[in-house]
Amino acid sequence: MQTKKVTLILIAGGTASGKTTVADRIANEILKGKSVTHISMDNYYKDFGDLTLEERRKINFDHPNSVDTELLLNDLNALKDYQPIKMFVYDFKTSSRTNETITVKPSDVVILDGIFALAIKEIRKLGNIKIFIKTANDLRFIRRLQRDVNERGRSLESVIDQYLNEVKPMHDAFIGPSIEYADLIIPYKEGNDVAVDLVATKILSLVGNKNDN
Ligand code: C5P
């Protein structure tokens, strides 16, 4: 029996850098009609459901230790073996896992996006195409502030406090330096279609040939 070869595309970058937008474009426009799945590392934060909300808010979610790497590796390996997975849905308002799960079907191309996609060695090693989205820090902060206040139930003060004490120092220590592992770097800005299209050509050439051997 011939086993199918699954291509794993990793999309890393700092918080609010536009990773999800690029991943969605690759999945829904560039690879449209192909067998492709997009999952987010956001769903792989450790649960911490036994702590109070106040205690959970003190956790440093910008340190790689906050990720359930074991579960993520299991799921990625299952998808690479063409097996379906049941993925937990994460709730940023309560900083915990919900009881809801999503069944992710196996596919020829799997896209994983997340701030630690290239920073955690075991995950990085599984990637076939490694992309880093490089976005100016001030733009990322503005985008993050708007998103966290509007969508993640945070106050202005808490976003600023978290950014200065955790997000920025952890970005400088772990996420920013992981750019060196990227095969491709996209300088993301609004409407920057050229870079994404160039990346798309590369991905299509790799994905197009992947079952030939
Ligand atoms: O979507 P994005 O890549 O920005 O998600 C990563 C960010 O989510 C991290 O910078 C982390 O500070 C934040 N986060 C949070 N609360 C959680 C889990 C993650 O603010 N409970």
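All values below come from the heavy atoms of this structure, side chains included, with hydrogens, waters and symmetry mates left out. Each ligand, and each atom within it, is numbered from 1 in the order the structure gives.
- Annotation for ligand 1: atoms under 4.0 Å from non-hydrogen atoms of Y90 are 17 (C), 18 (C), 21 (N).
- Closest of all the heavy-atom pairs between V22 and I186 is CG1-CD1, 4.1 Å.
- In this structure, the protein non-hydrogen atom closest to atom 16 (N) of ligand 1 is R154 NH2, 3.1 Å.
- Not a single heavy atom of E166 sits under 4.0 Å from any atom of ligand 1.
- Annotation for ligand 1: atoms under 4.0 Å from non-hydrogen atoms of I115 are 3 (O), 6 (C), 9 (C), 10 (O).
- Judged by the shortest distance from any of its heavy atoms, H171 lies outside the 4.0 Å radius around the atoms of ligand 1.
- Counting heavy atoms under 4.0 Å from ligand 1, residue A16 touches it through the backbone alone.
- The pair R147-D42 fails the salt-bridge criterion, with no side-chain N (NZ, NE, NH1 or NH2) lying under 4.0 Å from an Asp/Glu carboxylate O.
- Under the rule for a side-chain contact (heavy atoms from CB on, under 4.5 Å), the partners of A136 that lie at least two apart in sequence or sit in another chain are D138, L139.
- At least one donor-acceptor pair under 3.5 Å links the side chain of K46 to the backbone N or O of N65.
- For atom 8 (O) of ligand 1, the nearest non-hydrogen atom of the protein is R152 NH1, 3.6 Å.
- The shortest separation from a heavy atom of R56 to ligand 1 is not under 4.0 Å, leaving the residue out of contact.
- Checked by distance only, ligand 1 and K19 come closer than 3.5 Å through their nitrogen or oxygen atoms.
- If you check which protein heavy atom lies closest to atom 13 (C) of ligand 1, you get R144 NH2, 3.6 Å.
- Within 6.0 Å of CD in E70 there are 12 or fewer heavy atoms belonging to other residues, nucleotides or ligands.
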Which atom pairs, one a donor and one an acceptor, fall under 3.5 Å between side chains of residues 74-81 and the rest of the protein, sequence neighbours left out?
| from | atom 1 | to | atom 2 | distance (Å) |
| --- | --- | --- | --- | --- |
| D75 | OD2 | Y44 | OH | 2.7 |
| N77 | ND2 | L73 | O | 3.1 |
| K80 | NZ | L126 | O | 2.8 |
| K80 | NZ | N128 | OD1 | 3.2 |

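- Not one N or O on the side chain of S96 forms a donor-acceptor pair closer than 3.5 Å with the backbone of G49.
- Side-chain contact between K19 and I131 is absent, with no heavy atoms from C-beta onward closer than 4.5 Å.
- Ring to ring, Y90 and F88 are not that close: their centroids are 6.0 angstrom or more apart.
- The closest approach between R147 and ligand 1 falls below 4.0 Å for a heavy atom of the residue.
- Nearest non-hydrogen protein atom to atom 4 (O) of ligand 1 is T15 OG1, 2.6 Å.
- The shortest contact between atom 12 (O) of ligand 1 and any protein heavy atom is with D62 OD2, 2.5 Å.
- Protein heavy atom in closest approach to atom 5 (O) of ligand 1: D42 OD1, 3.5 Å.
- Ranking the protein heavy atoms by distance from atom 6 (C) of ligand 1 puts Y45 OH, 3.6 Å first.
- In this structure the side chain of I26 never reaches within 4.5 angstrom of the side chain of H38, judged on heavy atoms.
- Under 4.0 Å from ligand 1, not a single heavy atom of M41 appears.
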